Amino acid sequence: MPRLSEVIAALETLWPAERAESWDAVGTVAGDPDQEVTRVLFAVDPVQEIVDEGVKLGVDLLVTHHPLYLRGTTTVAATHFKGRVVHTLIKNDIALHVAHTNADTADPGVSDALAGALDLRVTGPLVPDPTDPEGRRGLGRLCALDHPLTVREFAARAAERLPATAQGIRVAGDPEAPVRTVAVSGGSGDSLFDHVRAAGVDAFLTADLRHHPVSEARAHSPLALLDAAHWATEWPWCELAASQLDEISDRHGWDLRVHVSKTVTDPWTAHAASATSDPLGAPN
């Protein structure tokens, strides 16, 4: 069986820590480099219910997209919910490794997985990484549909293909406008509007869109905007990452058992629809 240090070294080839943003907190959060690893769990959030799931599965390593301590801390006391996570990990010999912005820009990365879930053909990065001579890495992805859909139909596809959440898919734009080209970015994406407009796509699907940036973006162009739940846009990466580790395990003869958590950790738990007969229209 491989040691944790060997598995982490393999993961670092997929998502090198030096490619993370300077403000990010990626890498190994907990774990003994010499411990053996037989079972791995992938998830978006390092929250207690995910760690508890790892305990039940008997995993030795939890890999999450979101950091546990993004802004640092002075305590891991179990009186705080993040401290309880740390205590549960250590008591059960579970290591925690984080791949965040270094997984966002990877090839393949978070937005490739999102595009794959939506059955889109990736044509290149939305914001290319200038250090990649092949022009494949970068933030977000530019995509094409095999055949045109209306905004309404594309939103319905997203609602069907992405994991179900209370939010579903919000839409800004003409529901009947045609969509042939799309930009996607897993996670919060309203800082990318300039790049999306420059790309000239018909629609942009991302998460955490705010009122003023969306209002301004709509005033600039007829670009259709689709706002999905943050967790839902990043969960497909867990399946991609698990398959990458499976391939590495097979190549090295490690015989790892790799799992993907299906626990919904999106913080929104319910949705009350407005009084309208058309979910993509204005109230009567």
Side-chain angles (χ1 to χ4, degrees), residues 14-16 18-24 26 44 65-67 98-146 149 151 154-155 157-159 161-163 167 169-173 179-210 213-214 216-218 220-241 244:
L14 301 175
W15 319 297
E18 60 268 22
R19 291 186 187 151
E21 295 289 341
S22 59
W23 50 264
D24 206 358
V26 301
V44 175
H65 183 52
H66 289 153
V98 173
H100 192 210
T101 53
N102 49 334
D104 286 333
T105 58
D107 172 35
V110 171
S111 293
D112 292 291
L114 174 57
L118 298 172
D119 198 23
L120 301 173
R121 177 168 49 86
V122 173
T123 59
L126 174 61
V127 186
D129 181 345
T131 68
D132 177 18
E134 296 184 2
R136 295 175 62 86
R137 293 198 308 268
L139 191 61
R141 292 295 183 266
L142 299 173
C143 308
L145 282 76
D146 289 336
L149 298 174
V151 170
F154 183 55
R157 174 187 290 193
R161 302 285 180 86
L162 293 180
Q167 172 182 319
I169 308 295
R170 298 192 301 173
V171 175
V179 177
R180 298 176 179 85
T181 56
V182 180
V184 299
S185 182
S188 305
D190 61 17
S191 65
L192 302 175
F193 281 143
D194 288 343
H195 298 280
V196 174
R197 281 194 294 269
V201 294
D202 300 316
F204 178 36
L205 186 146
T206 187
D208 296 341
L209 293 180
R210 296 168 295 162
V214 168
E216 293 171 4
R218 290 290 302 151
H220 275 289
S221 74
L223 173 71
L225 302 173
L226 291 87
D227 182 36
H230 189 121
W231 173 84
T233 64
E234 293 179 331
W235 184 85
W237 171 80
C238 296
E239 291 195 321
L240 169 64
Q244 289 177 288

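Only a predicted model underlies this, so the values are computations on that prediction, with no experimental measurement involved.
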Report the C-alpha distance between Phe193 and Leu225 in whole Å, list the side-chain angles of each, state the deciding distance to 0.1 Å, and finish with yes or no for side chain to side chain contact (heavy atoms under 4.5 Å, CB included).
CA-CA 10 Å; Phe193 281 143; Leu225 302 173; 3.6 Å; yes
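- Atom CZ of Arg136 has 12 or fewer neighbouring heavy atoms from other residues, nucleotides or ligands inside a 6.0 Å radius.
- No side-chain donor-acceptor contact under 3.5 Å links His220 and Glu216.
- The backbone N or O of Leu139 lies less than 3.5 Å from no partner atom in the side chain of Asp104, so there is not a single donor-acceptor pair.
- In this structure, Asp129 contributes its side chain and Thr131 its backbone to a donor-acceptor pair below 3.5 Å.
- Side chain of Asn102 to backbone of His100: a donor-acceptor contact under 3.5 angstrom is found.
- Counting heavy atoms from C-beta on, the side chains of Ser185 and Arg141 never come closer than 4.5 Å.
- The shortest side-chain heavy-atom distance between Asp208 and His230 falls under the 4.5 Å cut-off.
- The number of heavy-atom neighbours closer than 6.0 Å to CD of Glu18, taken from other residues, nucleotides and ligands shown, is above 12.
- Side chains of Cys143 and Thr181 form no contact here, defined as non-hydrogen atoms less than 4.5 Å apart.
- The side-chain heavy atoms of Val182 and Val201, taken from C-beta on, include no pair separated by under 4.5 Å.
- Using a 4.5 Å cut-off on side-chain heavy atoms (C-beta onward), Val98 and His66 make no contact.
- The closest side-chain heavy-atom distance from Thr206 to Asp190 is not below 4.5 Å.
- Across all their heavy atoms, Pro163 and Trp231 have their closest contact at CB-CZ3, 3.3 Å.
- In plain terms, the two heavy atoms of Pro236 and Leu162 that are nearest each other are CG-CD2, 4.3 Å.
- Judged purely by atom type and a 3.5 angstrom limit, Asp227 has no side-chain atom pairing as donor or acceptor with the backbone of Arg170.
- Closest approach of Leu240 to Gly109, counting heavy atoms only: CD2-O, 3.6 Å.
- Closest heavy-atom contact between Gly187 and Glu234: CA-OE2, 3.5 Å.
- Nearest heavy atoms, Ala172 versus Val214: CB-CG1, 3.9 Å.
- The two residues Pro125 and Gly135 come nearest to each other via the heavy atoms CD-O, 3.2 Å.
- Between Trp15 and Gln244 there is a side-chain heavy-atom pair separated by less than 4.5 Å.
- Arg157 places a side-chain N or O within donor-acceptor distance of the main-chain N or O of Leu118, the cut-off being under 3.5 Å.
- In this structure, Arg218 places its CZ atom where more than 12 heavy-atom neighbours from other residues, nucleotides or ligands lie under 6.0 Å away.
- In this structure, Phe154 and Asp202 have side chains that are not in contact, with every pair of non-hydrogen atoms separated by 4.5 Å or more.
- Checking side-chain atoms of Thr105 against main-chain N and O of Arg137 turns up no donor-acceptor pair under 3.5 Å.
- A tilted orientation is assigned to the rings of His65 and Trp237, their planes being inclined by 30° to 60°.
- Atom CG of Leu209 sits about 9.0 Å away from atom CG of Leu226, to the nearest 0.5 Å.
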